[in-house]
**Q** 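Shown below is the structure under consideration.
All residue numbers in this chain count up from 1 along the given sequence.
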Amino acid sequence: MEDKINAYSDILDLIGNTPLIRLNKIAAPLEGNFYAKVEAFNPGHSSKDRIAAYIIDEAERQGILTEGSTIIETTSGNTGFSIAMVSIIKGYECILAVSSKSSKDKIDMLRSMGAKVYVCPAHVSADDPRSYYQVAKRLHEETKGSIYINQYFNRLNIEAHYQSTGPEIWSQTNGNITHLVACSGTGGTISGTARYLKEKNPDIRIIGVDAHGSVLKKYHETGELDTNEIYPYRIEGLGKNLIPDATDFEVIDKFIKVTDEDSAHTAREISRTEGIFVGYTSGAVMQAVKQLNEEGEFSVDSKVVVIFPDHGSRYMSKIYSDQWMNDQGFFDSRNIEASQKIQF
Ligand code: PMP
């Protein structure tokens with residue numbers, strides 16, 4: 001008889017059930033209790049593992065995907081990595097149409113995970129046949145039995161978090177959560193998690209984090225897309241220049257905007273104070289918490305859950321590079337030397 005081996009059947013078994021970790025030092029000056037749902041503990045190091053696995057499973061259940069089918073998406077970011085990982089295990093071909101703005105590191109990483117990467121010109125309009133949207137659409141139309149994940153417009157993105165992130169947070173807090181603060185990019189994470197939590201307790205406050213240069217906050221307040229709100233910003237994965245179908249604005253109580261500079265410094269602060277090596281948008285969410293604290297959003301009894309979407313290793317040449325921080329002018333207004341900023 002074979003010895004009993006304690007092993008996972010494959011890497012996908014490790015998706016979800018990420019830990020909730022109490023924030024101690026960084027939250028010490030704030031009113032209330034703060035806990036981070038650390039999504040970097042997913043095997044692909046981000047929350048996007050959940051949607052990749054869920055959407056692909058759903059397509060299998062519906063009989064759309066069969067052995068050797070093709071999965072298509074338009075991102076060089078976390079979602080691309082997660083889809084590539086799920087595709088390897090399930091035996092699908094993964095095609096990612098990405099912008100030529102994507103870094104070489106990201107493209108190499110996706111290719112290392114078996115994805116076929118089409119690099120499309122960045123400076124063409126979305127309806128140009130060379131744009132990554134159009135290339136993805138064309139490949140989807142031409143490839144029989146393929147699926148196009150289209151995360152900004154796919155309601156299964158919300159469903160994935162309704163089925164996993166929401167119940168996990170409810171159970172990890174024993175229903176005692178008072179606030180959820182989360183970034184909104186596609187909106188899938190905050191919308192699915194919030195919908196579940198509000199069904200359990202409608203009094204839980206749901207606060208979305210948006211970027212300056214993105215339309216989400218204004219749209220939530222006015223119901224209109226104000227193109228004057230749109231301008232370039234550096235943080236990736238947060239905010240948008242259009243209204244995604246994967247955002248359920250009704251379950252979000254309010255949005256708060258954060259700057260690129262504050263978010264970068266706060267991400268570095270989380271890493272230094274809590275020992276949790278987080279990505280740029282985790283800095284954004286914690287920065288939002290600091291601002292909300294100033295606004296008097298919390299009380300001593302508040303139990304606030306924040307979602308940290310991904311791992312710091314993806315930002316070595318950005319927020320964790322003093323050179324990059326300096327080049328952005330992020331050290332200027334704070335009157336600190338770059339080298340000092342990373343010392344204890
Ligand atoms: N942070 C990062 C790093 C992301 O890649 C994303 C996804 N775009 C988000 C936050 C926001 O998550 P969601 O798309 O579910 O709103």
Side-chain angles (χ1 to χ4, degrees), residues 6-27 33-57 75 77-86 88-89 106 109-110 112-113 151 157 160-174 177 180-183 185-186 188-190 192-194 196-197 209 236-238 263 266-286 289 303-316 319-320:
N6 271 326
Y8 293 96
S9 53
D10 59 49
I11 190 99
L12 304 186
D13 273 0
L14 285 153
I15 296 177
N17 293 314
T18 52
L20 192 65
I21 304 177
R22 189 183 174 91
L23 296 172
N24 298 302
K25 292 185 188 149
I26 198 166
N33 305 280
F34 296 83
Y35 307 89
K37 180 87 169 145
V38 184
E39 290 293 289
F41 279 84
N42 281 297
H45 304 153
S46 88
S47 55
K48 294 297 179 181
D49 284 0
R50 297 177 188 267
I51 72 162
Y54 188 83
I55 295 172
I56 291 168
D57 280 354
T75 168
N78 289 324
T79 307
F81 188 90
S82 299
I83 295 168
M85 183 182 76
V86 176
I88 289 171
I89 302 302
K106 279 189 173 176
M109 184 164 76
L110 296 170
S112 307
M113 291 295 283
Q151 60 172 338
N157 178 352
H161 293 285
Y162 177 83
Q163 297 289 348
S164 67
T165 320
E168 287 173 27
I169 291 174
W170 182 253
S171 135
Q172 286 168 318
T173 57
N174 290 309
I177 172 176
L180 174 77
V181 186
C183 293
T186 66
T189 308
I190 190 165
T193 308
Y196 184 89
L197 294 174
V209 184
E236 296 160 63
L238 174 61
S263 303
T266 305
R268 290 162 72 111
E269 189 187 349
I270 297 166
S271 302
R272 276 198 333 271
T273 54
E274 303 294 327
I276 308 172
F277 193 45
V278 295
Y280 203 166
T281 54
S282 305
V285 86
M286 204 57 214
V289 161
K303 292 183 177 52
V304 183
V305 172
V306 298
I307 298 182
F308 287 172
D310 72 352
H311 196 259
S313 57
R314 292 197 174 146
Y315 305 87
M316 291 313 296
I319 58 170
Y320 293 111

**Q** So do I307 and V285 actually touch side chain to side chain, heavy atoms under 4.5 Å?
**A** no
**Q** If you count heavy atoms of other groups shown closer than 6.0 angstrom to CZ of F41, is the number above 12?
**A**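 No, the 6.0 Å shell around CZ holds no more than 12 heavy atoms from other groups.
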**Q** Please determine which of Q163, E168, H161 meets the side-chain hydrogen bond (donor to acceptor under 3.5 Å, both in side chains) test together with T165.
**A**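 It is H161, the one option of Q163, E168, H161 that forms the side-chain hydrogen bond (donor to acceptor under 3.5 Å, both in side chains) with T165.
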**Q** Within this structure, what is the NE2-CE distance for the pair H45 and M85, rounded to the nearest 0.5 Å?
**A** 9.0 Å
**Q** Quick one: pull up OG in S282 and CD in E274 and give me the separation to the nearest 0.5 Å.
**A**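 If we round to the nearest 0.5 Å, S282:OG and E274:CD are 12.5 Å apart.
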**Q** For residues K48 and T75, determine if any side-chain heavy atom of one lies less than 4.5 Å from a side-chain heavy atom of the other.
**A** no
**Q** Measure the spacing between NZ of K37 and OG1 of T173 and express it to the nearest 0.5 Å.
**A** 10.0 Å
**Q** Testing the basics here: between T273 and K25, what is the closest heavy-atom pair and its distance to 0.1 Å?
**A**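 Looking at all heavy atoms of both residues, the shortest contact is O-CD, 3.7 Å.
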**Q** For a quick test of reading the model, state the closest non-hydrogen atom pair linking V278 to A267 and the distance between them.
**A**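 Closest approach of V278 to A267, heavy atoms only: CG2-O, 3.8 Å.
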**Q** Shortest non-hydrogen contact from L238 to A284?
**A**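 What the structure gives for the nearest pair is CD2-CB, 3.6 Å.
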**Q** Do you see a donor-acceptor pair shorter than 3.5 Å between the side chains of Q151 and T79?
**A**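 Checked: Q151/T79 side chains pair up, N/O donor to acceptor below 3.5 Å.
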**Q** Taking the inter-plane angle between the rings of H311 and F277 on a 0 to 90° scale, is it parallel (under 30°), tilted (30 to 60°) or perpendicular (over 60°)?
**A**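 Rings of H311 and F277: perpendicular, over 60°.
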**Q** Considering all heavy atoms of both residues, which atom of V86 and which atom of A52 are nearest to each other, and what is their separation?
**A** CG2-CB, 4.0 Å
**Q** Before giving the answer on side-chain contact (heavy atoms from CB on, under 4.5 Å), spell out for L23 and I276 the whole-Å C-alpha distance, their side-chain angles and the decisive distance to 0.1 Å.
**A** CA-CA 10 Å; L23 296 172; I276 308 172; 4.2 Å; yes
**Q** Considering only heavy atoms from C-beta outward, does the side chain of Y315 approach that of D310 to under 4.5 Å?
**A**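 Result yes, sub-4.5 Å side-chain heavy-atom pair found.
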**Q** Do you know the tightest heavy-atom contact between R50 and N17?
**A**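 Shortest heavy-atom separation between R50 and N17 comes out as NH2-N, 4.2 Å.
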**Q** Once you round to the nearest 0.5 Å, how far does CD1 of I88 lie from CG of D10?
**A** 11.5 Å
**Q** Are the side chains of S263 and T281 in touch, meaning some heavy atoms are under 4.5 Å apart?
**A** no
**Q** Rounded to the nearest 0.5 Å, what separates atom CD in E39 from atom CZ in F308?
**A** 11.5 Å
**Q** Is a side-chain N or O of S46 found less than 3.5 angstrom from the main chain of N42, in a donor-acceptor match?
**A**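 Answer holds: no.
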**Q** Would a distance-only check, ignoring hydrogens and angles, find a side-chain to backbone donor-acceptor pair under 3.5 Å from T193 to I190?
**A** no
**Q** Determine whether a donor-acceptor pair (N or O, by modelled atom type, separation under 3.5 Å) exists between the side chain of S82 and the backbone of D49.
**A** yes
**Q** Working to the nearest 0.5 Å, report the span between CD1 of I56 and CG of L12.
**A** 9.0 Å
**Q** Taking the side chain from E269 and the backbone from G283, do they hold a donor-acceptor pair closer than 3.5 Å?
**A** no
**Q** With the side chain counted from C-beta on, respond yes when M113 and F81 share a heavy-atom pair under 4.5 Å apart, and no when they do not.
**A** yes
**Q** Quick check: closest heavy atoms across S271 and Y320, and the distance to 0.1 Å?
**A**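 In terms of heavy atoms, the two residues are closest at OG-OH, 2.8 Å.
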**Q** Could you check whether any side-chain heavy atom of K303 comes within less than 4.5 Å of a side-chain heavy atom of N33, counting everything from C-beta outward?
**A**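 Yes, close enough: below the 4.5 Å cut-off.
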**Q** Under a 3.5 Å distance rule, please check whether K106 uses its side chain to pair with a backbone N or O of G77 as donor and acceptor.
**A**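 No.
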